[in-house]
Amino acid sequence: MARNKFDIDEELDSPFDIRHLKRALIYAGKHKKRIALGLFLSLVSILCGVAGPLFAQASIDRAIPAGDSRLVILLGGGMLFTTFLSIFFAQRRSMVMTKVGQDIIYDIREDLFAHLQKLSFEYYDSRPHGKIIVRLINYINNISELMTNGIINFVMECLNLLFIAVVMFFVSWKLALVVLAGLPIFVVFLVFIKNKQRKAWQAVSNKTANMNAYLHESIVGVKVTQTFTREEQNAEIFDRLSGSYRKDWMKAVKYSLLVWPTVDNIANIVRGAIFIVGLVVFTGAAGVGAATLGTVSAMSMYSWRFWQPLINLSNLMNTFITAVAYLERIFETLDEPVTVKDSPGAVALPTLQGEVTFENVTFAYEKSTNILENLSFKVKPGENIALVGPTGAGKTTIVNLISRFYDLNGGRILIDGNDISGVTLSSLRSQMGIMLQDSFIFSGTMMFNIKYGNRDATDEEAFAACKIVGIDEFIRSLKDGYNTEIKERGAGLSTGQKQLIAFARTILANPRILVLDEATSSIDAKTERNMQKSLDYLLKGRTSFIIAHRLSTVRGCDRIMYVNAQGITESGSHDELMAKKGDYYTLYTTQNL
């Protein structure tokens, strides 16, 4: 079966290095006081836990042989009490660090979302949206365990090992060496397995992104799928992607599950060696001297306590290796350059009059093909400009460049004499109203959608905007009127109704420059005629750019520009262009045959 874009794995620009983890620790640095509290609680828990075997040693070597039941009870109570304290402080540590970890996850997710809001259209044009969503949701969720307990547990397990090692050498340095004899095997195994794990979990993250991207597109396009009865073919594609994910997941889990049994086996072998060597030492064989049964028993307990942190560290390594694969993706997105942004020293654009000038503008979505080349024209304040021409000629590109959704490859665009590359984006776009052919409606109330571009508008102003476009009566006929909840993407509304709501939203923003990109394409002719007077009123005094394939809607514009061949081939009023009998004349007469 042929591969499609969803079968293609993302490639990292560079391999993982410690800088990714350091960047994650920067987020942890914001919560230093609570992390310090967590470390203190962990330290107390460790010290209490280390004391337990010493009580057992004293009981076996002193209290039991002496038949001192009172001392046995005291030592047993001491062991029970320190164990209880160890568990209590560990639980408190866990509560503190869970809250810290979730705060860190919140900060990372907020930063990533804020960064995604700043990225240009070019970023979103070049990749499936599902692969973007998976980074913000799934990948950040998957690093939760690392940020919640992983880092501090790593520190505390290392301290735990240090304390236990010191105590073991204090109790019996000979048996302590037996416990440590398994460490070289453990280190060799980790070196062997860690790179395989990282690559395996990277593959899982790729397959997760592929499957999520296809799922997102399939849900958005489900109406088209059912219209063309593509359900079975789509199911086959999803089955292939899901199967690929399952295969890589099982491979990654296989490597992860190799870790703890290996470490556990090493730990058990070491504990067995303690009893064997301890027996020799205990009996005084081979001239090595005598050891007490309590010492052997205590060292057996310390051996378990020494290797348990190593088992925990091996499990943490699994978490770390898994999280690293996701951290790479998250920071890769955070490192994505914001190509369209305020330049250094950018100034706020004053209230616009609406003069727009293109000077030798060249632009290409892909470097090999210019959409516009050396385009120059000037629009006076309040002038209504129609952009017509064949599909793909660059009409929408022109209005996108005025809003600076993309940066130019050459030339410059001036508004009221101000180069838009030197003004702040917010001051530019807040004075522009853009009505697109694909009217996006957000989930929320009718009023929320209408006020989306002007949250300070009054309800009365919103009502007036809806009356202008002829949607007020429809909204009031709904059960909850303007408080009616709209489903995702305006489900339940007709395309024309969504377009009218978007039109009201644009009007309420009160822009100085208005862009109508096929704004009435989904509105029936009767509604459009009813709107015409309101539209004439709206366009009066505003510089406007109207893109329309239905040429009857642009006849009254001050100037019509025919966009083709990387520029504007004709410009003039309807009558002037008809008299020329050029491209516009041909297009117009073809539509009116």
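When a residue number appears, it is its place in the shown sequence, counting from 1. Given the structure is predicted, the values throughout are model-derived calculations rather than measurements.
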How far apart are the C-alpha atoms of V340 and R404, what are their side-chain angles, what is the distance that settles it, and do they pass the side chain to side chain contact (heavy atoms under 4.5 Å, CB included) test? CA-CA 8 Å; V340 179; R404 204 183 160 211; 4.1 Å; yes
Count the heavy atoms of every other residue, nucleotide or ligand shown that sit under 6.0 Å from OH of Y123, and state whether that count exceeds 12. yes
Using only atom types and a distance under 3.5 Å, with no angle test, would you say the side chain of N384 pairs donor to acceptor with the backbone of D558? no
Where the side chain of S477 meets the backbone of F474, is there a donor-acceptor pair that is under 3.5 Å apart? yes
Determine, stepwise, if the pair I450 / I471 fulfils side chain to side chain contact (heavy atoms under 4.5 Å, CB included). CA-CA 11 Å; I450 295 164; I471 192 69; 5.8 Å; no
Side chains of T484 and I475 in contact at under 4.5 Å (non-hydrogen atoms): no
Could you check whether atom CD of Q233 has more than 12 heavy atoms from other residues, nucleotides or ligands sitting under 6.0 Å from it? yes
Within the structure provided, determine whether E485 and D480 are in side-chain contact (heavy-atom separation under 4.5 Å). no
Quick check: closest heavy atoms across R505 and N449, and the distance to 0.1 Å? CD-O, 2.9 Å
Test: R23 and D335 ion pair at under 4.0 Å: yes
Does R246 have more than 12 heavy atoms from other residues, nucleotides or ligands lying within 6.0 Å of its CZ? no
Establish, yes or no, whether the cationic atom of R555 lies under 6.0 Å from the six-membered ring centre of Y588 and within 45° of the ring axis. no
Are any of the side-chain heavy atoms of L136 and R109 separated by less than 4.5 Å? yes
Residue pair F463 / M447, side-chain heavy-atom distance below 4.5 Å: yes
Side-chain touch V204/Y245, heavy atoms, less than 4.5 angstrom: yes
CD1/I398 to CD1/I568 distance, rounded to the nearest 0.5 angstrom? 5.0 Å
Check the angle between the aromatic planes of F448 and F442 and answer parallel, tilted or perpendicular using the 30° and 60° thresholds. perpendicular
Within the distance-only criterion (no hydrogens, no angle test), does the side chain of R429 pair as donor or acceptor with the backbone N or O of S403 below 3.5 angstrom? yes
Could you work out, with salt bridge (Lys or Arg N to Asp or Glu O under 4.0 Å) as the rule, every residue matching E359, not counting sequence neighbours? R412
Counting N and O atoms only, with roles assigned by atom type, does the side chain of K395 sit under 3.5 Å from a partner on the main chain of P390, one being a donor and the other an acceptor? yes
Closest non-hydrogen atom pair between D342 and L425, with its separation: OD1-N, 2.8 Å
Value for CG (L408) from CG (N360), rounded to nearest 0.5 Å, stands at 11.0 Å
Quick check: are there more than 12 heavy atoms from other residues, nucleotides or ligands sitting under 6.0 Å from CD of E473? no
May I ask you to decide if Y584's main-chain N or O and E570's side chain share a donor-acceptor pair within less than 3.5 Å? yes
Show the numbers, then the answer: is there a side-chain hydrogen bond (donor to acceptor under 3.5 Å, both in side chains) between R542 and N510? CA-CA 10 Å; R542 287 186 173 89; N510 193 28; 2.3 Å; yes
Distance alone, cut at 3.5 Å: any donor-acceptor contact between the side chains of S218 and N234? no
Polar side-chain atom of K451 near backbone of A457 as donor-acceptor pair, under 3.5 Å: yes
Under 3.5 Å donor-acceptor, S244 side chain and R240 backbone: no
Would you check, one step at a time, whether the test side-chain hydrogen bond (donor to acceptor under 3.5 Å, both in side chains) holds for Y27 with D103? CA-CA 9 Å; Y27 287 93; D103 287 344; over 6 Å; no
Worked check of side chain to side chain contact (heavy atoms under 4.5 Å, CB included) between Y482 and D472: CA-CA 9 Å; Y482 280 84; D472 176 74; 2.5 Å; yes
L116/Y124 under side chain to side chain contact (heavy atoms under 4.5 Å, CB included): CA gap, chis, key distance, verdict: CA-CA 9 Å; L116 288 171; Y124 295 98; 3.4 Å; yes
The reported gap from OG1 in T543 to CZ in R512 (rounded to nearest 0.5 angstrom) is 8.0 Å
Rounded to the nearest 0.5 Å, what separates atom CG in L372 from atom CG in L401? 6.5 Å
Nearest 0.5 Å, please: how far is CG in L215 from OG in S242? 10.5 Å
Closest non-hydrogen atoms of L119 and E336, given as atom of the first, atom of the second and distance, are CD2-O, 3.7 Å
Compare every heavy atom of I330 with every heavy atom of R135, then report the nearest pair and how far apart it is. O-CG1, 4.2 Å
Contacts of E355 that satisfy salt bridge (Lys or Arg N to Asp or Glu O under 4.0 Å) - sequence neighbours left out: K378
Is the NZ atom of K30 crowded by more than 12 outside heavy atoms at less than 6.0 Å? yes
Looking at CD1 of I441 and CD1 of I486, how far apart are the two atoms once the value is rounded to the nearest 0.5 Å? 6.0 Å
Shortest non-hydrogen contact from V347 to S427? O-OG, 4.1 Å
Do the ring planes of Y406 and F121 sit parallel (below 30°), tilted (30 to 60°) or perpendicular (above 60°)? perpendicular
Verify, without hydrogens or angle tests, whether S343 (side chain) and S421 (backbone) share a donor-acceptor contact under 3.5 angstrom. yes
Shortest non-hydrogen pair, I402 vs V356, comes out as CD1-CG1, 4.3 Å
So, do I434 and V399 sit near enough that their side-chain heavy atoms are less than 4.5 Å apart? no
Within the side chain of T333, is there an N or O that forms a donor-acceptor pair under 3.5 Å with the backbone of R329? yes
Got a donor-acceptor contact below 3.5 angstrom from the T362 side chain to the N374 backbone? yes
Evaluate side-chain hydrogen bond (donor to acceptor under 3.5 Å, both in side chains) for N564 paired with T569, printing each intermediate quantity in order. CA-CA 6 Å; N564 198 16; T569 57; 5.5 Å; no
